[in-house]
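First listed ligand is number 1; within each ligand, the first listed atom is number 1.
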Amino acid sequence: MKIVSAKVIVTCPGRNFVTLKIQTDQGIYGIGDATLNGRELSVVSYLQDHVIPCLIGRDAHQIEDIWQYLYRGAYWRRGPVTMSAIAAVDTALWDIKAKAANMPLYQLLGGRSREGVLVYGHANGKDIAETVDEVGKYIDMGYKAIRAQSGVPGLASTYGVAGDKMFYEPADAALPTENVWSTPKYLTHTPKLFEKLRDTYGDGHEFLHDVHHRLTPIEAARLGKSLEPYRLFWMEDAVPGENQEAFRIVRQHTVTPIAIGEVFNTIWDAKTLIQEHLIDYIRTTVVHAGGITHLRRIADFAALHHVRTGSHGATDLSPVCMGAALHFDIWVPNFGIQEYMRHTEETDAVFPHDYKFENGYLIPGDTPGHGVDIDEELAAKYEYKPAYLPVNRLEDGTLWHW
Ligand SMILES: O=C(O)C(=O)C[C@H](O)[C@H](O)CO
Ligand SMILES: [Mg+2]
């Protein structure tokens with residue numbers, strides 16, 4: 001089955017998405033997500049100018065060979081742009097193979113390992129009281145796991161805390177918004193939030209928290225320790241991930257489970273973290289870590305070291321990524337949890353899909369392929385709009401992590 005054409009579709013139904021569509025000589029097509037938040041057009045160019053010309057005429061069934069061809073063959077390995085482009089090709093090819101087999105994608109991976117994919121939603125509020133109320137709304141919707149973020153007293157705005165509660169969009173401005181950050185204020189405040197959540201809702205739900213890479217290792221160790229009485233499912237991105245060895249310090253001091261990986265692109269970003277048992281959950285996902293082919297490699301390596309998966313699933317990962325991720329999640333033996341930030345109605349209309357939310361779980365459908373399509377006519381109505389993620393500064397103006 002030969003690849004005869006491929007095109008990149010950019011659309012902005014409330015936020016930007018980049019989608020690759022690969023067409024074969026047998027009339028079967030596949031799609032893959034290529035969205036890299038705030039840097040979307042660099043992946044568009046990488047695909048259009050450098051990848052698509054190399055795909056034409058290749059056998060769409062040779063997924064592994066094409067992956068190696070694009071990874072090794074480029075000479076310049078890794079990085080978010082390269083790996084998002086490879087992921088888009090890989091996802092589209094798995095979609096094609098599953099459609100050709102007339103099976104849902106999870107059947108090709110090894111079949112279902114579970115009935116549904118446990119997901120966590122995002123609750124956030126300007127203060128503890130509002131966050132506790134928002135968590136209650138997620139519990140009422142049936143969520144069993146909820147990420148909680150709260151505004152910090154004395155800080156005007158904090159990433160993760162939004163006006164629109166259900167459809168929070170971090171890439172919120174044509175140029176980066178500037179937030180102010182104070183580690184001492186945050187470290188004093190955050191344990192109080194989780195104390196209140198456990199007091200209010202008891203022990204029946206999982207609570208998660210995202211630190212956004214803002215702490216040093218010893219500060220992260222302190223936070224993890226202070227959160228221990230509230231039994232978090234995980235503490236996410238506590239320190240920047242580049243220095244994997246730094247996690248040894250966090251690990252030595254706390255039994256709060258540790259998660260990281262949404263900014264990782266390959267197994268090499270997580271190798272030390274996994275083999276030294278420094279983390280509990282690896283959060284790489286389909287679109288930013290080389291597609292299903294590479295994610296499977298990471299998950300298998302993680303399984304050897306008791307590390308489970310917890311794929312990133314914010315709104316900037318399109319429904320195409322979510323669909324593919326759910327087929328992966330329903331199969332992967334060492335599954336942990338899947339993040340699920342709901343897309344808007346406009347986005348869902350552009351990307352018709354067959355997955356559904358039921359009682360705290362997402363269930364992939366049985367449509368052949370990954371079960372997500374793109375309505376190209378509708379997509380064309382939403383023109384690309386530049387949008388950036390915010391930046392973070394300390395109170396004295398120093399640029400900080402976010
Ligand atoms: O969903 C999360 O855990 C995030 O941290 C959201 C990210 O900031 C967002 O997806 C960046 O593009
Ligand atoms: Mg995160």
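His212 and Trp402 have parallel rings, their planes meeting at less than 30° on a 0 to 90° scale where 60° marks the start of perpendicular. Ring planes of His122 and Tyr120: parallel class, angle under 30° (limits at 30 and 60°).
Residues Asp95 and Val372 are not in side-chain contact: their nearest non-hydrogen atoms beyond the backbone lie 4.5 Å or more apart.
Each of Asn37, His122, Arg147, Tyr159, Asp210, His212, Glu236, Glu262, Arg283, His312, Ala314, Asp316, Glu339, Leu389, Trp402 has a non-hydrogen atom positioned under 4.0 Å from some atom of ligand 1.
Judged by distance alone, the side chain of Ser84 and the main-chain N or O of Val81 form no donor-acceptor pair under 3.5 Å.
Around the Mg ion (ligand 2), protein N, O or S atoms at less than 2.8 Å comprise Asp210 OD2, Glu236 OE2, Glu262 OE1.
More than 12 heavy atoms of other shown residues, nucleotides or ligands fall within 6.0 angstrom of atom CZ in Arg112. The number of heavy atoms from other shown groups lying within 6.0 Å of NZ (Lys144) is above 12. Around the OH atom of Tyr201, the shell of radius 6.0 Å holds more than 12 heavy atoms that belong to other residues, nucleotides or ligands.
Shortest non-hydrogen contact noted between Ile66 and Ile3 is CD1-CD1, 4.2 Å.
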> Between Thr183 and Trp181, does a side-chain hydrogen bond (donor to acceptor under 3.5 Å, both in side chains) hold up when you go through it step by step?
Replying inline: CA-CA 7 Å; Thr183 296; Trp181 177 252; 2.9 Å; yes
